[in-house]
Participant: 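Before anything else, here's the structure in question.
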Amino acid sequence: MKELKLTVNPQKTKSHINREIYGHFSEHLGRCIYEGIYVGEDSPIPNKKGIRTDVFEALKNIRIPVLRWPGGCFADEYHWKDGIGDKSSRKKMVNTNWGGVVEDNSFGTHEFMDLCEELGCEPYVSGNLGSGTVQEMAEWIEYMTFDGISPMAELRRKNGREKPWKLKYFGIGNESWGCGGNMRPEFYSDKYKQYQCFCKNYSGNQLYKVACGPSDKDYNWTEVLLSNVTSQQTQAISLHYYTVPTGNWSHKGAATVFEDSEYYATIAKTLFMEEIVTKHSEVMDRHDPEKKIGLIVDEWGCWYDVEEGTNPGFLYQQNTMRDAIVAAINLNIFNEHSDRVVMANIAQVINVLQAVILTEGERMVLTPTYHVFDLYKEHQDAELLESSIENFITGTGSDRFNAVSKSVSKDKDGNVLITLSNASLDEDAKVVCDLGEFGFSKAEGRIICADDPRDFNDFDKDPKVFPKDLAAETENGSLVISLPACSVVSVRLFK
Ligand code: AHR
C-alpha cells in the first residue's frame with residue numbers, strides 16, 4: 001500500500017473549468033446516430049420524436065454540456081439541404097467514409113438542433129469546408145440563426161421552425177489535413193479565412209468559430225495556422241488525438257482481450273495527451289499570450305480493432321475498466337489545462353469508439369466510461385484549484401509513468417470535488433489530504449473499480465463496472481481517501 005499526500009490550496013483558483021470539457025461527439029457513422037440516438041417515430045423502442053428515451057435520459061443524467069455533429073469525416077461530405085424538409089423526399093446518399101452504407105438523411109438539422117435544445121446542451125455544428133461551397137456554409141448559418149425575412153429563414157419556417165435556434169459553436173472543416181481535404185496548413189488557413197468571413201452573426205446570435213487544428217503532435221500545423229489567423233477570425237482551434245494501444249493503425253489491439261503489458265502501453269499512450277496539450281499550448285501562448293483563442297480537443301478516446309463480426313466501417317468496440325482509467329486521466333488533464341482547453345468531445349457518444357452508451361435493439365448498456373463522466377460532472381463550470389500529489393511509478397518495460405492522476409475544483413457554492421485515478425494494476429494507495437484552511441461538513445465518495453481491468457458491462461448481464469459509495473475517512477484530522485489499484489475515485493466535500 002502506497003501512502004501519498006495530496007495538497008490542495010483552497011484559496012488558489014487557477015482557471016475556470018468550462019462545462020464543455022465534458023462534451024461529446026456524434027457522427028453519422030455506424031450505429032451512432034441511427035439506432036443509437038435516433039430510431040424514428042414509428043419504432044417500437046420508446047422514443048420522443050424519434051429520439052430514444054433511454055439514451056436521452058442517460059445523457060441528461062451526466063449533464064451533457066455540448067454535442068458535436070454531424071462529423072468527423074462525414075461533415076466534409078455532408079450537404080445540409082439534403083437533411084431538411086419532408087423525410088420521405090429527403091435525398092439518399094452514400095456514406096463513403098463509413099462502410100459505404102446508405103444515408104437516408106432522416107436525421108438532419110431540425111432533429112439535431114431540437115435534440116440539443118431538449119437536452120439543454122450546446123450544439124456544436126461542423127461545417128463542410130472540404131467539399132461544400134462558401135455559399136452552402138453561409139446559408140446553413142442563416143437557416144439556423146436568422147430571425148428576419150430571408151430565403152433561408154423562410155425555408156426554415158416552411159419546414160416547421162418559426163424561431164431560429166441558438167448556435168454558438170461552429171467548426172469550419174474537420175481534419176482538413178486528412179479526410180477533410182488533405183490540405184497543407186498554409187492552404188487551409190487561407191480557405192479558413194475565406195469561409196469564416198461569410199459565417200455571420202444574425203439576430204443577436206454570436207458564433208464561436210472553430211478552425212481545424214492539428215493532429216496529435218503536428219506542432220507545425222498549429223504554428224502556421226496561428227501565424228495566419230487572428231482572434232477576430234477564430235475563437236478556437238481543434239486538436240485530435242486518439243489512444244491506440246499498439247500505436248499501429250492496422251492492428252490496434254482488442255477492446256476486451258489484452259495482456260497487462262498492453263494495458264500499460266494504453267495508459268502510456270493516453271498520457272501523451274499531457275505532452276501534446278502542453279506543447280500546442282506553448283505555441284498558442286507565443287501567438288496569443290492573452291489566451292483569446294481556445295484549444296478544443298474535439299476528438300479523443302481509445303480506438304481499438306472493431307468487435308469481431310461487426311462492420312469494420314462502423315467502429316464498434318466494447319469498453320472496459322481500462323477505458324474508465326483512460327477517461328479519468330484525460331478529463332483530469334483537460335481540467336488541469338483549462339486555462340487553454342475550453343472544450344473536449346469524447347469520440348463518440350454511442351456505439352462508436354470509446355462510447356459512453358452502447359445499444360442493441362431496445363437494450364442499452366452504460367459503459368465504465370459513462371460512469372467516469374458521472375463521477376466527474378460536478379467539475380463542470382467549477383474553478384480549478386491549485387493542488388499537487390506525491391506519486392509513484394507504475395507500468396512495465398518501457399511503459400513506465402506516474403500511477404496517479406488528479407484534479408481538484410471548487411464549485412460556485414464553495415463545495416470541493418477531488419477526482420483521482422490509480423492506473424497501477426497491483427498497488428493500492430492511501431491518499432492523505434492536506435486541505436489547508438478548508439473545513440467541510442460532509443464528504444461523499446464514489447469509486448469505480450473492477451475485479452479485472454478487462455471487465456465490462458454487457459447486454460442482458462448484471463453490470464460489472466459501476467460506481468459504488470466510498471467512505472471518506474478522517475485520520476488524525478486529515479481526510480484519507482482509499483484509492484485501490486485500477487480505480488477511479490471522486491470525493492465531494494460540502495462546505
Ligand atoms: O471518430 C472517427 C473519425 O476519426 C472521425 O470521423 C474523424 O474526424 C477522425 O479521423
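Indexing begins at 1, ligand by ligand and atom by atom, following the structure's order.
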Participant: Below 4.0 angstrom from a heavy atom of Gln348, which ligand 1 atoms are there? Numbered from 1 as shown, please.
Facilitator: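 Those of ligand 1 that fall under 4.0 Å from Gln348 are 1 (O), 2 (C).
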
Participant: Heavy-atom contacts under 4.0 Å between Asn97 and ligand 1: side chain, backbone, both, or neither?
Facilitator: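 For Asn97, there is no contact with ligand 1 at all, from either part.
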
Participant: Under 4.0 Å from any heavy atom of Phe25, which atoms of ligand 1 are there?
Facilitator: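 Answer, ordered by atom number: 1 (O).
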
Participant: For Leu353, which part has a heavy atom under 4.0 Å from ligand 1: side chain, backbone, both, or neither?
Facilitator: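 It is the side chain that gets close, since no backbone atom is under 4.0 Å.
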
Participant: Check each atom of ligand 1 against the heavy atoms of Cys73 and keep those under 4.0 Å away; list them by number with element.
Facilitator: 5 (C), 6 (O), 7 (C), 8 (O)

Participant: Among protein heavy atoms, which sits nearest to atom 1 (O) of ligand 1, and what does the distance come to when rounded to 0.1 Å?
Facilitator: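 The protein heavy atom lying closest is Tyr242 OH, 2.8 Å.
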
Participant: Would you say Phe74 touches ligand 1, if touching means a heavy atom closer than 4.0 Å?
Facilitator: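 Judged by the 4.0 Å heavy-atom criterion, Phe74 does not count as contacting ligand 1.
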
Participant: Which heavy atom in Leu129 sits nearest to a heavy atom in Met137, and how many Å separate them?
Facilitator: N-CE, 3.9 Å

Participant: Report yes or no: is the cationic atom of Arg454 (NZ for Lys, CZ for Arg) under 6.0 Å from the centre of the six-membered ring of Phe258, at an angle within 45° of the ring normal?
Facilitator: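 Here Arg454 passes the 6.0 Å and 45° test against Phe258.
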
Participant: Report yes if the distance between the aromatic ring centroids of Phe25 and Trp300 is under 6.0 Å, otherwise no.
Facilitator: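 When the ring centroids of Phe25 and Trp300 are compared, they turn out to be at least 6.0 Å apart.
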
Participant: Atom 10 (O) of ligand 1: which protein heavy atom is closest, and how many Å away?
Facilitator: Glu175 OE1, 2.7 Å

Participant: Is the contact between Trp98 and ligand 1 made by the side chain, the backbone, both, or neither, using heavy atoms and a 4.0 Å cut-off?
Facilitator: side chain

Participant: Note the single closest protein heavy atom to atom 6 (O) of ligand 1, along with its residue, its atom name and the distance in Å.
Facilitator: Glu27 OE1, 2.7 Å

Participant: For atom 8 (O) of ligand 1, state which one of Glu299, His240, Arg68, His28 supplies the nearest heavy atom.
Facilitator: Glu299

Participant: Pull out every atom of ligand 1 sitting under 4.0 Å from any heavy atom of Asn174, numbered as shown with elements.
Facilitator: 8 (O)

Participant: Any salt bridge between Asp285 and Lys291, counting N to O under 4.0 Å?
Facilitator: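 Salt bridge flag = yes for Lys291 with Asp285.
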
Participant: Give a yes/no verdict on a cation-pi contact between Lys209 and Phe170, requiring under 6.0 Å between NZ or CZ and the six-membered ring centre and an angle within 45° of the axis.
Facilitator: no

Participant: Identify each donor-acceptor pair in which a side-chain atom of residues 349-361 lies under 3.5 Å from a protein atom, sequence neighbours left out, and give them as a table.
Facilitator:
| from | atom 1 | to | atom 2 | distance (Å) |
| --- | --- | --- | --- | --- |
| Asn351 | OD1 | Thr359 | N | 2.8 |
| Asn351 | ND2 | Arg31 | O | 2.9 |
| Asn351 | ND2 | Thr359 | OG1 | 2.8 |
| Gln354 | OE1 | Cys302 | N | 2.8 |
| Gln354 | NE2 | Asp323 | O | 3.0 |
| Gln354 | NE2 | Thr369 | OG1 | 3.1 |
| Glu360 | OE1 | Arg363 | NH2 | 2.6 |

Participant: Compute whether any side-chain donor of one residue and acceptor of the other, for Ser405 and Ser421, lie under 3.5 angstrom apart.
Facilitator: yes

Participant: Main chain of Ala328, side chain of Tyr376: is a donor-acceptor contact present, judged purely on distance under 3.5 Å?
Facilitator: yes

